[in-house]
Visitor: 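Got a structure here, written out as structure tokens. Questions coming.
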Amino acid sequence: MKAAIYTQKRDLDTFLYLSRFISELNKRNVTAVLHKDTAEGLQFSKVFPIFSNKEDLKDQEIDYFFSFGGDGTILNALIFVQDLGIPVVGVNTGRLGFLASFTKEEVFDNIDKVLNKELIITQRSVIKVNGVNIDFPYALNDVTISRKETTSMITVNSYINDEFLNVFWGDGLIISTPTGSTAYSLSCGGPIISPENDNFAITPIAPHNLNVRPLILKDNVKIRLKVESRVPQYSLSLDSRLYHIDTLEEISLEKAPFTLSLVQPDDISFFETIRQKLLWGNDKRN
């Protein structure tokens, strides 16, 4: 069995922690395969096999992908795992995390359950962007259109399956998966959607029309977007990756043909997670 290890941290505490974690893997005859930057940054490169892309994970027949960091680290993990179906285990070393469900100590308590496939594996839908030439046109959380180099509003003309929906005036538009509904979309007033639902959420960013509200759609639709702006480009973000797109380029969004497999603890549900993270019920009256 082989386990890929990925983190964006390069400090001494991370080095000591990963050394301890890798030692636990070795006790179970599991080979640790480190991401190239992780291995070099933590001076592991001469000791362990490494990977740097999807092809490396496929060639080395990786069984599990361990992500150490926050939700942003898991979003970057999608770039490597893609459609390989490798289960991702998110270990939260940051602050607020909806995807990285295991704490640094909990992962040691659950490592045998993970390796023996005794925990829950949820399938998280992914958005695909068509119409523009970008290196990796997929997003786990959301796709965001926003203004670039201007304080003026932008106009987003939207169509659902080629039927006109609306003209959104404001700072931009967020199209999120259920996974991304607790991210940027939530901050802009979007709905919380439990991850097993097959939906997209369209959430306007600072809309100029006060009667414009977030909209939930079945994710089997194709969303077409055309941007108008006072400047020749707008910003397009896919999770944490940012691109600058010419306003002449029209884009379309649809559900990707693959999902991300995410390992979850067996003692905490999605609803328990949002109660903890959003402090629901944390009131003196309760």
Visitor: Between Ile86 and Phe65, what is the shortest heavy-atom contact and its length?
Guide: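 Closest heavy-atom pair between Ile86 and Phe65: CG2-N, 3.7 Å.
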Visitor: Can you tell me if Tyr234 and Asp246 form a side-chain donor-acceptor pair at under 3.5 Å?
Guide: no
Visitor: What pair of heavy atoms forms the shortest contact from Gln264 to Phe102, and how long is it?
Guide: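 Between these two residues, the closest heavy atoms are C-CZ, 4.0 Å.
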Visitor: Take Glu228 and Arg147 through the salt bridge (Lys or Arg N to Asp or Glu O under 4.0 Å) test and state the conclusion after the steps.
Guide: CA-CA 10 Å; Glu228 298 176 18; Arg147 59 189 184 178; over 6 Å; no
Visitor: Taking atom CD of Glu55 as the centre, does the number of heavy atoms from other residues, nucleotides or ligands within less than 6.0 Å exceed 12?
Guide: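 Yes, because the 6.0 Å sphere around CD of Glu55 holds more than 12 heavy atoms from other groups.
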Visitor: Going by distance alone, is a donor N or O of one side chain under 3.5 Å from an acceptor N or O of the other, for Ser194 and Asn197?
Guide: yes
Visitor: Tell me which donor-acceptor pairs under 3.5 Å the side chains of residues 206-217 have, and how far apart each pair is, sequence neighbours excluded?
Guide:
from: Arg213; atom 1: NH1; to: Leu210; atom 2: O; distance (Å): 2.5
from: Arg213; atom 1: NH2; to: Leu210; atom 2: O; distance (Å): 3.2

Visitor: When you group the ILVMFWY residues by side-chain heavy-atom contacts below 4.5 Å and let the links chain together, are Phe98 and Ile192 in the same group?
Guide: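 Yes, Ile192 connects to Phe98 through the hydrophobic network.
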Visitor: Are any of the side-chain nitrogens in Lys36 or Asp56 under 4.0 Å away from the carboxylate oxygens of its partner?
Guide: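 Salt bridge between Lys36 and Asp56, a charged N being under 4.0 Å from a carboxylate O: no.
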Visitor: For Thr179 and Arg124, test the side chains for any donor-to-acceptor distance below 3.5 angstrom and give the result as yes or no.
Guide: yes
Visitor: May I ask you to check whether Asn76 and Thr73 show a side-chain donor-acceptor distance below 3.5 Å?
Guide: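 Distance-only check fails for Asn76 and Thr73.
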Visitor: So if you build clusters from Ile, Leu, Val, Met, Phe, Trp, Tyr with side-chain heavy-atom gaps below 4.5 Å, do Ile154 and Val167 land together?
Guide: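 No, Ile154 and Val167 fall in different hydrophobic clusters.
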Visitor: With respect to Tyr6, which candidate in Phe68, Phe51, Phe66, Phe80 satisfies the ring pair (Phe, Tyr, Trp, His ring centres under 6.0 Å) definition?
Guide: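 For Tyr6, the ring pair (Phe, Tyr, Trp, His ring centres under 6.0 Å) check succeeds only for Phe80.
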Visitor: Test of understanding: clusters of I, L, V, M, F, W, Y form through side-chain heavy atoms closer than 4.5 Å, transitively. Do Ile175 and Ile134 belong to the same one?
Guide: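 Yes.
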Visitor: Answer yes or no for Arg224 and Phe164: cation-pi contact, defined as NZ/CZ to six-membered ring centre under 6.0 Å and angle to ring axis within 45°.
Guide: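 That pair does not qualify as a cation-pi contact.
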Visitor: Is there a chain of hydrophobic side chains (I, L, V, M, F, W, Y, each step under 4.5 Å between heavy atoms) that links Leu12 to Phe21?
Guide: yes
Visitor: For the residue pair Gln123 and Thr259, confirm or rule out a side-chain donor-acceptor distance under 3.5 Å.
Guide: yes
Visitor: Check whether Phe136 and Val81 end up in the same hydrophobic cluster, where Ile, Leu, Val, Met, Phe, Trp and Tyr are linked by side-chain heavy atoms less than 4.5 Å apart.
Guide: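 Same cluster.
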Visitor: So, do Arg20 and Phe108 sit near enough that their side-chain heavy atoms are less than 4.5 Å apart?
Guide: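 Result yes, sub-4.5 Å side-chain heavy-atom pair found.
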Visitor: Would you verify whether the NZ or CZ of Lys104 falls within 45 degrees of the ring axis of Tyr17 while also being under 6.0 Å from that six-membered ring's centre?
Guide: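 That pair qualifies as a cation-pi contact.
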Visitor: To the nearest 0.5 Å, how far apart are CD1 in Ile174 and OG in Ser187?
Guide: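 That separation rounds to 8.0 Å.
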Visitor: Run the salt bridge (Lys or Arg N to Asp or Glu O under 4.0 Å) test against Glu272 and tell me which residues pass, sequence neighbours left out.
Guide: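 With sequence neighbours excluded, Glu272 shows a salt bridge (Lys or Arg N to Asp or Glu O under 4.0 Å) to Arg275, given in chain and number order.
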